[in-house]
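Down below is the structure, laid out as structure tokens.
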There are 2 protein chains.
Amino acid sequence: MNEPKKTPTIQDVARFAKVSTATVSRALSIPSKVSEATRARVSEAVRVTGYTLNQTARSLRQRTARTILVALPDIRNPFFSSILDAIEREATLRGYGVLVLNLYFGRQTVVQLRDFLLSNRADGLLLLDGAFDVSQLQVVDEQRAPVPVVVACEEIPKSGFHTVLTDNGEAAERATRHLIDLGHRRIGHLLGPEHNIVARERHAGFNRALEKAGLKPVAEWCLRGNFEMESGFAAAGRYMSLPHRPTAFFAANDESAIGFLSGLRQYGVTCPRDISIVGFDDLGVAPHYDPPLTTMRQPREALGRMAAEALIDMIEDPNMLPSSLRIVLRSELVVRESTGRPAAPDDGAPS
Amino acid sequence: MNEPKKTPTIQDVARFAKVSTATVSRALSIPSKVSEATRARVSEAVRVTGYTLNQTARSLRQRTARTILVALPDIRNPFFSSILDAIEREATLRGYGVLVLNLYFGRQTVVQLRDFLLSNRADGLLLLDGAFDVSQLQVVDEQRAPVPVVVACEEIPKSGFHTVLTDNGEAAERATRHLIDLGHRRIGHLLGPEHNIVARERHAGFNRALEKAGLKPVAEWCLRGNFEMESGFAAAGRYMSLPHRPTAFFAANDESAIGFLSGLRQYGVTCPRDISIVGFDDLGVAPHYDPPLTTMRQPREALGRMAAEALIDMIEDPNMLPSSLRIVLRSELVVRESTGRPAAPDDGAPS
DNA sequence: GAAAGTATTGAAATCGATTGCAGAGGGCCT
DNA sequence: AGGCCCTCTGCAATCGATTTCAATACTTTC
């Protein structure tokens, strides 16, 4: 009685209910195909034996794992974690499990990711990283059925994957435009990581806004950064050493904007009096920072949810989606107190 | 040639290498048991066929999923996400996948969590939520082999589970002590969620520190909160309406501390001039907030890593761990600028 | 009342690996 | 030469479900 009992299987249920395993299986998954009486006997048997489905066995037979794999660069990043959250909700709703995989390790992880997918542990991949080199992920043109993939957040240019993302370039343009509308003429940009596609798009959007307003981009006003607070903090020093300083900055994201502001405080530069800053992401802390941060809010929940939806749709019916799906979600400017009119009348680029 | 080829199985490899599937299996997992020549033929066959292991089939046979399930209250919370990150690293290192499950839905999720575990999709559970009602999770006293469980972050009092956590009470005591040492006598506490064990322990630690210093706890100085920024923000209003205001606060976590500070700014109360605040967690933004936040830093990476280690150890050898493991990690006070001496000499509780 | 259709069930194959057992072959010892 | 041990390999069972196919009983229809 106290020995480690084996977990009950469908065989045990069948024996107890005096039916075949086939009938038990049907009673549980297609009740309409089984008579009332049998169904009751099976239910009772399940109750008594304490039977629970062995998902592994089902997966093997049905060739589906009812699991999706989410690969992302960094779970700690609040931007990703809130998307992951939305993905998890949607997946759970539709009966899918969520496997997560960090992508720190570069090359090694590619192999791992590939094996993961090809090992039937997951039915599809949700990739949250455009920097990822997909050519190494020989999942597509392999001599086997293609694995469903959806790329979210960042676009992988000619990969042909379904994509769900936000309007990074356009949003950056609007953020910058906001600064211009306030009267700023000397506007700088705190860059994101050099090889990150999202960062590049935001940079491009920034440039477009300047151009449309007839402002010349000034190379020294684009300060190096990498989305992290420390990089913004470090950029403050470089800002101070500029001969002709911008009165406003568009930061590639909120984190670097916060680091930047924090660094500027060290030099006695106050926002928005001396400088205006607009960020990107609308992190949770943005409204409670000092000053509350003007920023572009990305629809993170929608992004995660729609990406998960698309992936699961594709898994459940590969023909359901159009050959190439590309959803672009619109970000929203949230004006708070980190942006204002420039102190002095402003005459544009340095002489 | 262009038809959807089936993914190659071990049978295909065996056929190509002209050996049995048993030999292929051994060549891949116990190479020492196979002759040099055969091993080479198998390798070649694997290369040519493009074979990858079907983990599901292996799992079924070996009765292990090489996957752990991490259940947590909220992935978005940066505290949890960084622990999840550490867990993922450790698990990956040891060849385990990580399934995540949010626990929003209360009752429904319990059932789900239970099925998840009993369905052989995961070999063990890492639970990051002490508020969770484990009695419903009939995994322990079921009439079957017990599922390995490790509880991290929060303790579940008499559950008998292995536990890895930080010294919440003791750390809260030290945080409060820091305020006392600075000369504060009127010290308040911004509470965490009422039924959260961690919050209670911090509250208890707070009280102990006061007591040891001969200070009487004042009920009105404990402001309601729930770990979220908004709750801290709201608490600021209640603070302002106190007849006799504390000169220092110990906030149950950084987020609520930040919300509180943000709320206080609305009333022109400046930190640390008018009030000192110490938080808990050392969020990424803490050093870059204005003022930089004094806080208790929890060893989050270590916590996640050790919890994952313990769980995987338990999975791989149930007899390896002592009957009851309880690891307590020490938090560290990080003094920044949100705490200072009280402005006026301070004489303790109101008359 | 016979034929056709429908509802219900079971036997057995199947998914793709691992593994216990046994057999073949070779080397070594007595 | 015979016996023993060791290495290498294959056969076939096994993990726990699903699913095809066929058989049976029961209705319905003409």
Side-chain angles (χ1 to χ4, degrees), chain A residues 5-43 45-46 49-67 115 117-123 144-145, chain B residues 5-43 45-46 49-67 115 117-123 144-145:
Chain A
K5 278 192 198 166
K6 282 182 34 190
T7 65
T9 74
I10 202 172
Q11 323 282 345
D12 301 321
V13 177
R15 200 174 312 123
F16 189 94
K18 299 196 201 314
V19 293
S20 72
T21 61
T23 300
V24 175
S25 176
R26 281 188 287 252
L28 297 177
S29 46
I30 335 169
S32 68
K33 300 221 101 188
V34 167
S35 75
E36 176 86 31
T38 313
R39 217 182 308 151
R41 283 227 309 291
V42 170
S43 298
V46 166
T49 54
Y51 168 76
T52 52
L53 175 72
N54 182 323
Q55 176 65 39
T56 305
R58 170 184 278 182
S59 290
L60 177 59
R61 179 66 228 244
Q62 295 188 327
R63 310 155 139 275
T64 54
R66 292 197 77 77
T67 299
D115 285 351
L117 273 179
L118 300 181
S119 75
N120 286 51
R121 293 174 74 151
D123 302 322
R144 50 173 66 180
Chain B
K5 278 194 195 164
K6 282 180 37 190
T7 66
T9 72
I10 202 172
Q11 324 281 343
D12 301 319
V13 177
R15 199 173 313 124
F16 188 94
K18 300 198 200 315
V19 293
S20 71
T21 61
T23 301
V24 175
S25 176
R26 281 187 288 251
L28 296 176
S29 46
I30 336 169
S32 66
K33 300 220 106 196
V34 168
S35 76
E36 177 83 31
T38 311
R39 216 184 306 154
R41 283 227 310 291
V42 170
S43 300
V46 167
T49 54
Y51 167 78
T52 52
L53 175 73
N54 182 323
Q55 177 65 38
T56 306
R58 171 185 276 183
S59 289
L60 177 59
R61 179 65 227 243
Q62 295 188 328
R63 311 156 141 278
T64 54
R66 292 197 76 77
T67 299
D115 284 351
L117 273 178
L118 300 182
S119 74
N120 286 50
R121 295 174 73 147
D123 302 322
R144 51 173 66 182

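What you see is a predicted model, and the numbers here were worked out from it, not measured in a lab. In what follows, chains carry the letters A, B, and so on, assigned in the order in which the sequence lines appear, proteins first and then strands, with residues in each chain numbered from 1.
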Practice task
Measure from CD1 on Ile30(B) to C1' on dT9(D) and round the result to the nearest Å.
Solution key: 13 Å
Fill in the blank from the handout: Between CZ of Arg26(B) and P of dA17(C) the distance, given in whole Å, is 15 Å
Exercise for the section: Assign Val34(A) to base, sugar-phosphate, or nothing according to its heavy-atom contacts below 4.0 angstrom with the strands shown. Expected result: sugar-phosphate
Problem - Under-4.0 Å side-chain N/O to phosphate OP1/OP2 contact, Thr23(B) with dT9(D) - result: no
Exercise for the section: For Asn120(B) and dC15(D), give me the distance from atom CG to atom P, rounded to whole Å. Expected result: 13 Å
Practice task
Scan Thr64(A) against the nucleic acid and name what it touches under 4.0 Å (heavy atoms): base, sugar-phosphate only, or nothing.
Solution key: nothing
Problem - Selected nucleotide, minimal atom distance to Ser25(B) side chain, candidates dC11(D), dA17(D), dT18(C) - result: dT18(C)
Practice task
Spell out, as yes or no, whether a donor-acceptor pair under 3.5 Å connects the side chain of Asp123(A) to the backbone of Arg66(A).
Solution key: yes
Practice task
Tell me which nucleotide among dT9(C), dT18(C), dC15(C) gets nearest to the side chain of Arg61(A).
Solution key: dC15(C)
Handout entry: Heavy-atom check, side chain of Val42(A) versus side chain of Val34(A), under 4.5 Å
Key = no
Practice task
Give one of base, sugar-phosphate or nothing for Val19(B), where a contact means two heavy atoms less than 4.0 Å apart.
Solution key: sugar-phosphate
Exercise for the section: Send over the distance from Leu60(B) CG to dT18(C) C1', rounded to a whole Å. Expected result: 10 Å
Problem - Rounded distance (Å) that lies between atom C1' of dT9(C) and atom CD of Glu36(A) - result: 16 Å
Handout entry: Closest-nucleotide 5' rank along DNA chain D - winner of Asn54(A) and Lys18(B)
Key = Lys18(B)
Problem - Minimum-distance pair of heavy atoms, taken over all atoms of Phe16(A) and Thr49(A) - result: CB-CG2, 4.4 Å
Exercise for the section: Considering just the side-chain nitrogens and oxygens of Tyr51(A), establish if one lies under 4.0 Å of OP1 or OP2 belonging to dA17(D). Expected result: yes
Practice task
Report yes if at least one side-chain N or O of Gln55(A) is closer than 4.0 Å to OP1 or OP2 of dG16(D); otherwise report no.
Solution key: no
Exercise for the section: With heavy atoms under 4.0 Å as the rule, sort Thr9(B) into base, sugar-phosphate or nothing. Expected result: sugar-phosphate
Fill in the blank from the handout: Heavy-atom nearest nucleotide on DNA chain C taken for Thr38(A) and for Thr21(A); more 5' hit belongs to Thr38(A)
Practice task
State, with a plain yes or no, whether a side-chain heavy atom of Leu28(B) is found less than 4.5 Å away from one of Val46(B).
Solution key: yes
Handout entry: Ser35(B) side-chain proximity, nearest of dT18(D), dG16(C), dC8(D)
Key = dC8(D)
Practice task
Take the protein atom NZ of Lys33(A) and the nucleotide atom P of dT19(D), then report the distance between them rounded to whole Å.
Solution key: 12 Å
Handout entry: Nucleotide dG16(C), atom P - distance to CD of Gln62(B) in whole Å
Key = 17 Å
Practice task
Look at the side chain of Arg58(B) and the base of dT18(C), then say whether one donor and one acceptor between them are separated by less than 3.5 Å.
Solution key: no
Practice task
Determine: side-chain N/O of Arg63(A) to OP1/OP2 of dG16(C), distance under 4.0 Å, yes or no.
Solution key: yes
Handout entry: Donor-acceptor pair between Thr56(B) and Ser59(B) side chains, under 3.5 angstrom
Key = no
Practice task
Starting at atom CD1 of Ile10(B), determine the distance to atom C1' of dG10(D), rounded to an integer number of angstrom.
Solution key: 13 Å
Practice task
Mind checking Ser32(B) for me? I need base, sugar-phosphate or nothing, with any heavy atom below 4.0 Å counting as a touch.
Solution key: sugar-phosphate
Handout entry: Donor-acceptor under 3.5 Å (Ser43(B) side chain, Arg39(B) main chain)
Key = yes
